[in-house]
Amino acid sequence: MNKEKTNVAVFASGTGSNAEKIIQYFSQNVTINIALIVSNKQDAGVITIAHNNKIPVLIIEKEQFFRGDAYTDYLMKASIDFIVLAGFLWKIPANLIHAYPNKIVNIHPSLLPKYGGKGMFGNNVHQAVIDNHETESGITIHYVNEEFDKGLPIFQIKCEVHANDDANSLAKRIHQLEHTYFSKVVEQVIIKETT
Ligand code: GRF
């Protein structure tokens with residue numbers, strides 16, 4: 001690709017703390033532009049973050065996402081080059097994956113392949129880690145394929161699970177890792193896959 005700018009869409013369904021970090025990280029970047037926030041929830045925290053940062057928002061509907069073209073046409077027309085999933089809970093349909101080969105990445109709050117798959121999100125992940133008496137957990141950043149949390153891993157980093165952790169305290173430690181590493185890894189993948 002020989003475009004001057006890589007336009008990135010960030011998909012998020014929740015609070016959007018990772019989306020916010022990504023927006024901040026790339027705010028002065030002249031070649032990587034956070035161009036669109038995509039959410040399936042009108043009242044998600046990430047929408048406020050988008051508005052505060054003057055980034056356009058696309059609210060998506062289930063019907064078009066799963067039985068239509070998964071907004072592929074919209075994203076193409078908006079010149080989106082790369083997609084980051086930052087707390088987006090819907091499975092990505094095949095046509096969108098095929099339209100963006102190696103250009104969709106996700107972050108997962110465990111050391112995949114452990115504690116991934118359907119239903120493994122948010123505190124469900126951390127509770128399962130604690131229930132299984134794991135002594136370490138961490139984050140995985142990976143390419144997205146047609147199966148939940150099964151795309152090729154790009155980056156992992158570990159943290160300790162403490163004996164007195166509950167899901168919330170572990171979630172906090174994991175979020176810190178996400179905020180430290182996700183934007184940097186996204187930048188590296190974009191450079192690798194779009195230049
Ligand atoms: C993160 O823990 C991420 O790993 C998972 O969803 C969560 C999103 O958190 N995929 P936030 O909305 O960015 O705070």
Side-chain angles (χ1 to χ4, degrees), residues 8-27 34 36-53 55 57-60 65 82-93 96-97 100 103-130 134 136-161 165-189:
V8 179
V10 179
F11 286 40
S13 312
T15 322
S17 71
N18 280 285
E20 188 167 33
K21 289 285 172 194
I22 289 170
I23 291 166
Q24 286 165 358
Y25 183 87
F26 290 108
S27 63
I34 307 304
L36 184 67
I37 298 293
V38 177
S39 184
N40 58 312
K41 285 196 185 153
Q42 189 87 53
D43 58 352
V46 71
I47 308 294
T48 310
I49 292 168
H51 289 157
N52 290 344
N53 288 280
I55 298 176
V57 171
L58 170 68
I59 301 292
I60 57 176
F65 197 65
F82 196 91
I83 295 172
V84 176
L85 309 184
F88 183 72
L89 297 183
W90 289 355
K91 197 166 164 185
I92 303 298
L96 187 51
I97 289 169
Y100 287 92
K103 293 188 179 69
I104 309 179
V105 298
N106 180 44
I107 187 161
H108 187 80
S110 77
L111 297 170
L112 291 174
K114 285 180 143 186
Y115 307 104
K118 199 167 163 52
M120 275 297 163
F121 60 88
N123 275 5
N124 295 353
V125 176
H126 309 308
Q127 195 57 55
V129 166
I130 289 166
E134 300 281 3
E136 55 184 29
S137 188
I139 63 169
T140 304
I141 298 165
H142 63 94
Y143 289 106
V144 172
N145 68 8
E146 288 163 47
E147 286 180 272
F148 261 129
D149 303 325
K150 293 229 171 116
L152 195 69
I154 299 165
F155 175 88
Q156 288 191 311
I157 191 157
K158 293 174 181 175
C159 65
E160 285 179 3
V161 179
D165 265 332
D166 60 16
N168 288 329
S169 61
L170 180 55
K172 214 168 159 189
R173 203 169 305 120
I174 294 280
H175 255 113
Q176 279 167 1
L177 286 183
E178 295 183 330
H179 296 164
T180 304
Y181 292 100
F182 196 19
S183 301
K184 290 177 194 160
V185 174
V186 163
E187 183 175 30
Q188 286 163 9
V189 179

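In each ligand, atom 1 is the first atom listed, and ligand 1 is the first ligand listed.
- Here the heavy atom of the protein found nearest to atom 3 (C) of ligand 1 is E178 OE2, 3.2 Å.
- The distance from atom CG of L177 to atom CD of Q156, rounded to the nearest 0.5 Å, is 11.5 Å.
- Counting only N and O atoms by type, the side chains of H179 and S17 include a donor and acceptor under 3.5 Å apart.
- Nearest protein neighbour of atom 9 (O) of ligand 1, counting heavy atoms only, is H175 NE2, 3.2 Å.
- Evaluation of the ring-ring contact (aromatic ring centres under 6.0 Å, His included) test over residues 139-161, restricted to residues two or more places apart or in two chains, returns F155-Y181.
- Side-chain atoms of N53 do not come within 3.5 Å of backbone N or O of I55 as any donor-acceptor pair.
- Remark: ligand 1 and I107 share an N or O pair separated by less than 3.5 Å (distance only, no angle test).
- Below 4.0 Å from some heavy atom of T15 lie the following atoms of ligand 1, by number and element: 12 (O), 14 (O).
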Identify every side-chain donor-acceptor pair in residues 111-121 under 3.5 Å, counting partners at least two apart or on other chains, and give the distances.
unit_1	atom_1	unit_2	atom_2	d
K114	NZ	E134	OE1	3.4
K114	NZ	E134	OE2	3.1
Y115	OH	N132	ND2	2.9
Y115	OH	E134	OE2	2.6

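- Close N/O approach between G16 and ligand 1 is found [any backbone or side-chain N/O within under 3.5 Å].
- Other residues, nucleotides and ligands place no more than 12 heavy atoms under 6.0 Å from the CD atom of E160.
- Closest to atom 8 (C) of ligand 1 among all protein heavy atoms lies G87 CA, 3.7 Å.
- Taking atom 14 (O) of ligand 1 as the reference point, the nearest protein heavy-atom neighbour is S17 OG, 2.5 Å.
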